[in-house]
Amino acid sequence: MGQQQLLLIVLSMIIVGIAIIIGINVYNQTATDQKAEQLVLDCAQLARRAQEYYFKPAVLGGGGNSFTGWYIPASFDTTYNGIFSVSSITSQMVVIEGTDVGSYSGTDPVRVQMTIYPKSITSVRLE
């Protein structure tokens, strides 16, 4: 083989190697983003339950316009997607944190935090 052919082979190997590395990084980022979205969906379901509790009258087992006394049901504190806990609760606000049960890329686990108010919900991904 000539030098030009060897140079083309080496150059193509470098390009293929870079493409593989980029592909792995894109896959890991996509998997992490998808895990965060699943945690947000599970937190949203818990948020809906908390708001139901808030608006349900106390005589019917609700909070009577207060989040005080609400808790995550035992069947929802650990799911396929993560582990959920109440990090803060007041009469007008609940903060739920969700942490994934396994990391795809060997990095820190994905964590999300959802703050629930009587008529609104906000969520943020914790780094």
Side-chain angles (χ1 to χ4, degrees):
M1 287 190 167
Q3 281 185 327
Q4 186 179 8
Q5 291 169 332
L6 289 174
L7 183 61
L8 287 173
I9 290 173
V10 170
L11 184 61
S12 63
M13 288 175 53
I14 291 172
I15 291 172
V16 168
I18 290 172
I20 289 172
I21 291 171
I22 290 172
I24 290 170
N25 287 339
V26 168
Y27 173 79
N28 286 340
Q29 186 61 44
T30 302
T32 302
D33 290 345
Q34 186 176 14
K35 184 54 118 171
E37 289 176 20
Q38 290 298 321
L39 287 172
V40 168
L41 288 173
D42 283 354
C43 283
Q45 186 177 28
L46 291 171
R48 182 187 56 81
R49 288 176 173 266
Q51 286 177 331
E52 285 177 358
Y53 177 85
Y54 178 89
F55 288 111
K56 187 184 282 188
V59 295
L60 298 176
N65 293 331
S66 173
F67 287 115
T68 306
W70 182 79
Y71 59 91
I72 296 176
S75 59
F76 288 100
D77 64 355
T78 302
T79 68
Y80 175 76
N81 295 317
I83 300 168
F84 302 93
S85 62
V86 174
S87 62
S88 175
I89 189 166
T90 67
S91 64
Q92 298 299 306
M93 178 187 72
V94 175
V95 179
I96 297 174
E97 288 190 11
T99 306
D100 74 334
V101 291
S103 181
Y104 291 106
S105 60
T107 59
D108 293 332
V110 178
R111 293 177 48 225
V112 297
Q113 183 180 62
M114 187 165 281
T115 306
I116 303 126
Y117 301 99
K119 294 187 179 183
S120 67
I121 301 169
T122 59
S123 66
V124 65
R125 182 173 168 180
L126 303 173
E127 298 297 328

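This is a predicted model, so every value here is computed, not measured.
Put simply, the side chain of Gln45 never gets that close to the backbone of Asp42: no donor and acceptor are under 3.5 Å apart. Side-chain atoms of Gln113 do not come within 3.5 Å of backbone N or O of Ile96 as any donor-acceptor pair. Side chain of Lys35 to backbone of Asn81: a donor-acceptor contact under 3.5 angstrom is found.
The minimum heavy-atom distance linking Gly82 with Val101 is given by the pair CA-CG1, 3.6 Å. In terms of heavy-atom proximity, Asp100 sits nearest to Pro109 at OD1-CB, 2.9 Å. Of all heavy-atom pairs spanning Gly98 and Leu39, the tightest one is O-CD1, 4.0 Å. Annotation for Ser123 and Met114: closest pair CB-CE, 3.6 Å, computed over non-hydrogen atoms.
Note that CE of Met93 and OG1 of Thr122 are 9.5 Å apart. Values are rounded to the nearest 0.5 Å. The CD1 atom of Ile121 sits 10.0 Å away from atom SG of Cys43, with the distance rounded to the nearest 0.5 Å.
Considering only heavy atoms from C-beta on, Met13 stays 4.5 Å or farther from Leu11 through its side chain. The shortest distance between side-chain heavy atoms of Arg111 and Glu97 falls below 4.5 Å. For the pair Thr99 and Val110, the minimum side-chain heavy-atom distance is 4.5 Å or more. Two residues are said to be in side-chain contact when any heavy atoms from C-beta on lie closer than 4.5 Å; Leu41 and Gln38 meet this criterion.
A donor-acceptor pair shorter than 3.5 Å can be found between the side chains of Tyr54 and Gln92. If you check the side chains of Gln29 and Asp33, you find a donor sitting under 3.5 Å from an acceptor.
A search for side-chain contact (heavy atoms from CB on, under 4.5 Å) contacts involving Leu60 returns Lys56, Pro57, not counting sequence neighbours. For the side-chain hydrogen bond (donor to acceptor under 3.5 Å, both in side chains) test, residues two or more places apart in sequence or in another chain that qualify with Ser66 are Thr68. Not counting sequence neighbours, the partners of Glu52 by the side-chain contact (heavy atoms from CB on, under 4.5 Å) test are Arg48. For Phe84, the ring pair (Phe, Tyr, Trp, His ring centres under 6.0 Å) test picks out no residue, with sequence neighbours left out.
Taking hydrophobic clusters as Ile, Leu, Val, Met, Phe, Trp and Tyr residues chained together by side-chain heavy-atom distances below 4.5 Å, Tyr117 does not share a cluster with Ile89. Under a hydrophobic clustering in which Ile, Leu, Val, Met, Phe, Trp and Tyr are joined whenever their side-chain heavy atoms come within less than 4.5 Å, directly or via other members, Val16 and Ile24 fall into the same cluster. Cluster membership check: Phe55 shares its hydrophobic cluster with Val94, using side-chain heavy-atom separations under 4.5 Å among Ile, Leu, Val, Met, Phe, Trp and Tyr.
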Using atom types as modelled, flag every donor-acceptor pair under 3.5 Å from a side chain in residues 69-77 to any protein atom, sequence neighbours excluded.
none

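Clustering of Ile, Leu, Val, Met, Phe, Trp and Tyr by side-chain heavy atoms under 4.5 Å joins Ile18 with Val10, Ile14, Ile22, Val26.
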